[in-house]
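Worksheet for the structure shown next.
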Amino acid sequence: MPPVFALADCNNFYVSCERVFNPKLEGKPVVVLSNNDGCVVSRSNEAKALGIKMGAPVFELSGMIKRHGVKVFSSNYALYGDMSQRVMETLSGFAEDIEIYSIDEAFLDLSGFRHENLTDYMRRIRSDVKQWTGIPVSIGIAETKTLAKIANKMAKKIPETEGVLDLTVLSARERALAMTDVADIWGIGSSYSGYLEKNGVKNALQLRDAGSALTNRIKHKMGINGARIIQELKGVPCYSVETCPQPKKGITVSRTFRQPIESLSELKEAMATYVSMGAEKLRRENAATRTLSVFLHTSRFKKEDFYYRIKTVDLPVTTMDTGELIRYAGEGLEEIYRKGCMYKRAGVMFRDLLPDTRIQMGLFDCINRRRSEKLMKTLDAVNLKMGSGTLAYAATGLAGTRSWHMVFKKRSPSYTTDWNQIPAAS
DNA sequence: TCTGGGGTCCTAGGACCC
DNA sequence: TCTGGGGTCCTAGGACCC
């Protein structure tokens with residue numbers, strides 16, 4: 001029997017999270033902004049209808065926001081992460097295998113439920129998730145992940161589906177593929193969709209049924225992924241539900257500054273902060289790193305004198321020690337820093353991660369590893385209990401507001417993750 | 001004036017080795 | 001003048017995802 005997949009995807013997730021705790025937002029245009037209140041990252045249907053685009057910079061929208069009374073929120077990742085967990089827990093109760101694909105979507109393996117009416121079954125999931133978490137989800141069902149993605153999009157778009165669409169039914173599938181632009185296929189972005197359209201391939205049905213000469217050209221252009229997309233559109237599964245999360249390959253922490261930064265000392269503080277955050281992530285993954293890359297650049301919207309540099313440092317020993325990583329990052333930063341630039345963003349990457357059980361001792365290692373490990377454990381435990389940033393390295397800069405500190409002027413309370421901000425029933 | 005952040009995978013090309 | 005061939009490893013860049 002061929003497998004059956006479902007893709008459950010939360011509708012306008014961040015906006016929906018805000019609405020759970022503020023029902024007055026229902027039916028109104030609502031947007032959630034990125035860090036530093038920079039651009040739009042989530043929109044309610046009403047905001048989409050106004051023509052507000054994903055990623056639009058908020059300063060361009062100020063007129064529209066006023067005119068239509070758009071409700072605006074800074075992002076509150078603690079809240080969204082917590083809500084996500086609740087949604088995923090609820091979904092897990094309905095299928096044997098579940099793959100949490102992102103903060104707001106999950107694939108379910110429904111192969112064992114073929115004897116059921118899948119649409120009815122998914123409707124039940126949908127109403128349970130809504131009842132237990134307050135979050136609306138849409139669900140697409142199909143024989144491959146790529147088709148389930150398409151089913152999900154149609155379920156969102158067509159009200160008559162009531163949020164659930166099953167494309168294992170042949171007639172529904174052909175119709176859905178004909179209605180899906182190539183640009184809306186999972187794995188096809190703006191570059192490939194431009195190429196396909198130029199070659200007369202406008203929708204998913206045409207891509208699936210392209211002649212062999214054209215198919216070969218497409219495969220050549222799009223590589224192995226292109227070949228897989230075509231197979232999956234034909235109903236031949238190339239991907240399965242991955243139930244165990246794979247260990248991370250790399251960790252990146254980077255931020256855009258509110259105000260551009262010129263001075264090396266300020267950049268060093270910002271960088272030390274990002275390294276601290278990254279090292280914490282590293283330890284949460286029970287991993288250590290062999291290389292560290294630091295990078296910085298000026299505004300990418302000022303192309304004339306755009307400056308970008310990255311420096312990769314091979315560490316003498318594999319490590320997860322914040323202090324040690326801060327030191328190497330600082331040295332790397334000095335190498336790529338150029339005086340006179342107005343920097344807009346900086347960050348650090350750890351690549352070449354190793355599980356911490358496999359760390360080899362360096363021959364000339366002069367750091368006491370056991371002591372370092374103990375220190376890091378204590379640091380993480382304190383910050384977990386007392387709030388992140390309670391214990392920090394002096395290199396990250398002490399109190400006071402730095403120009404690289406982020407602002408969230410329109411943040412909603414952390415209703416679910418902070419005792420002091422739990423909503424009162426009245 | 002003001003434009004997010006964190007990932008993965010694939011491919012091409014260079015360096016290097018035998 | 002003519003200037004092998006194949007394998008591996010690494011890196012940079014492209015493309016995509018949410």
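Bear in mind that the values here come from a model prediction, so they are computed numbers and not experimental data. Below, chain A is the first sequence line, B the second, and so on; all start at residue 1.
- Comparing A:Arg345 and A:Gly223 against DNA chain B, the residue whose closest nucleotide sits nearer the 5' end is A:Arg345.
- A:Tyr77 and A:Tyr80 have perpendicular rings, their planes meeting at more than 60° on a 0 to 90° scale where under 30° would count as parallel.
- Within a heavy-atom distance below 4.0 Å of DNA chain B, no residue of residues 183-210 of chain A is found.
- Protein chain A contacts DNA chain C over a range whose 5' and 3' limits, counting nucleotides with an atom under 4.0 angstrom from a non-hydrogen atom, are C:dA15 to C:dC18.
- Using a 30° and 60° split on the angle between ring planes, A:Tyr121 and A:Phe113 fall in the parallel class, below 30°.
- Nucleic acid contact for A:Lys53: none, since no nucleic acid atom lies under 4.0 Å from a heavy atom of the residue.
- Within 4.0 Å of A:Asn225, counting heavy atoms only, lie sugar-phosphate atoms of the nucleic acid but no base atom.
- A donor-acceptor contact closer than 3.5 angstrom is absent between the side chains of A:Thr146 and A:Arg228.
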Output, in order, the C-alpha distance, side-chain angles, deciding distance and verdict of salt bridge (Lys or Arg N to Asp or Glu O under 4.0 Å) for A:Arg283 and A:Asp380.
-> CA-CA 9 Å; A:Arg283 296 190 292 269; A:Asp380 291 340; 2.7 Å; yes

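- Salt-bridge check for A:Glu60 with A:Lys53: failed, with every basic side-chain N at 4.0 Å or more from each acidic carboxylate O.
- Here ring pair (Phe, Tyr, Trp, His ring centres under 6.0 Å) pairs that include residues 309-346 of chain A, with residues two or more places apart or in two chains, are A:Tyr337-A:Tyr343.
- A:Ala151 and A:Ile141 make their closest contact through CB-N, 3.7 Å (heavy atoms, listed as atom of the first residue, atom of the second, distance).
- A:Arg228 comes within contact range of the sugar-phosphate backbone alone, with a heavy-atom separation under 4.0 Å but no base atom that close.
- When the P atom is compared between C:dC18 and B:dT3, the two are found 25 Å apart, to the nearest whole Å.
- Looking at heavy-atom distances under 4.0 Å, A:Lys281 makes contact with sugar-phosphate atoms alone, never a base.
- Counting non-hydrogen atoms under 4.0 angstrom, A:Ile251 reaches the backbone sugars and phosphates but no base.
- No side-chain N or O of A:Lys71 forms a donor-acceptor pair with one of A:Asn22 less than 3.5 Å apart.
- Heavy-atom nearest nucleotides on DNA chain B were determined for A:Gly250 and for A:Gly55, and the one closer to the 5' end corresponds to A:Gly55.
- Side-chain contact of A:Thr319 with A:Asp321: a donor-acceptor pair under 3.5 Å is absent, judged by distance alone.
- Considering only residues two or more places apart in sequence or on other chains, A:Phe257 meets the ring-ring contact (aromatic ring centres under 6.0 Å, His included) condition with none of them.
- Using a 4.0 Å heavy-atom cutoff across all strands shown, A:Asp104 reaches sugar-phosphate atoms only and no base atom.
- As judged by a 4.0 angstrom heavy-atom cut-off over every strand, A:Glu105 is placed among residues touching the sugar-phosphate backbone only.
- Every pair passing side-chain hydrogen bond (donor to acceptor under 3.5 Å, both in side chains) that includes a residue from residues 188-206 of chain A is listed here, sequence neighbours excluded: A:Asn199-A:Arg217.
- Residue contacts shown for A:Val253 are limited to sugar-phosphate atoms, with no base heavy atom under 4.0 Å away.
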Encoded 5' to 3' (Watson-Crick or G-U under 3.5 Å; [ ] crossing; | other strand), DNA chain C becomes ....||||||||||||||

